[in-house]
Amino acid sequence: MRLHAASTEGDDAYPSVIYYSRRAPENGNGRLFNSNHDEMLPRLISSRMKHFNRGERFVFFNGRQTGEYPRPGYPMTAAQQLALF
């Protein structure tokens, strides 16, 4: 399945700016931001994107499915992450 997912082109016609949150303890990488950073940085990025009239969509990524996926709150599959990135 991974080879198939890698060989298909994404249907996302819009470029994205992705903020990777490291706050979740289940990330397990040991590089945690404090809650102030994790709340401030996405707002700052979105604000600067608007200020400079950037057309990309802003995506907050923490490894979990959001409302646009079938199972919000569950971990993203490898294929879902590949499509996002």
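This one's a predicted model, so the numbers in the text were calculated from it and none came from an experiment.
Residues passing the side-chain hydrogen bond (donor to acceptor under 3.5 Å, both in side chains) test with Arg54, sequence neighbours excluded: Glu56.
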Stepwise side chain to side chain contact (heavy atoms under 4.5 Å, CB included) test for Val17 and Val59: CA-CA 6 Å; Val17 171; Val59 177; over 6 Å; no
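For the atom pair Leu41 CG and Tyr20 OH, the distance stands at 14.5 Å (nearest 0.5 Å). Interatomic distance, OH of Tyr69 versus CD of Gln80, reported as 6.0 Å (0.5 Å rounding). For the atom pair Leu84 CG and Glu68 CD, the distance stands at 8.0 Å (nearest 0.5 Å).
Taking the side chain as every heavy atom from C-beta outward, Gln81 and Phe61 approach each other to under 4.5 Å. Counting heavy atoms from C-beta on, the side chains of Ser16 and Phe58 never come closer than 4.5 Å.
Residue pairs meeting the salt bridge (Lys or Arg N to Asp or Glu O under 4.0 Å) criterion with at least one partner in residues 70-85, sequence neighbours excluded, are absent.
Between the side chain of Arg64 and the backbone N or O of Gly73 there is at least one donor-acceptor pair closer than 3.5 Å. For Ser47 (side chain) and Arg43 (main-chain N/O), no donor-acceptor pair under 3.5 Å exists by modelled atom type.
The two atoms that bring Asn62 and Ser21 nearest to each other are CB-CB, 4.1 Å, heavy atoms only.
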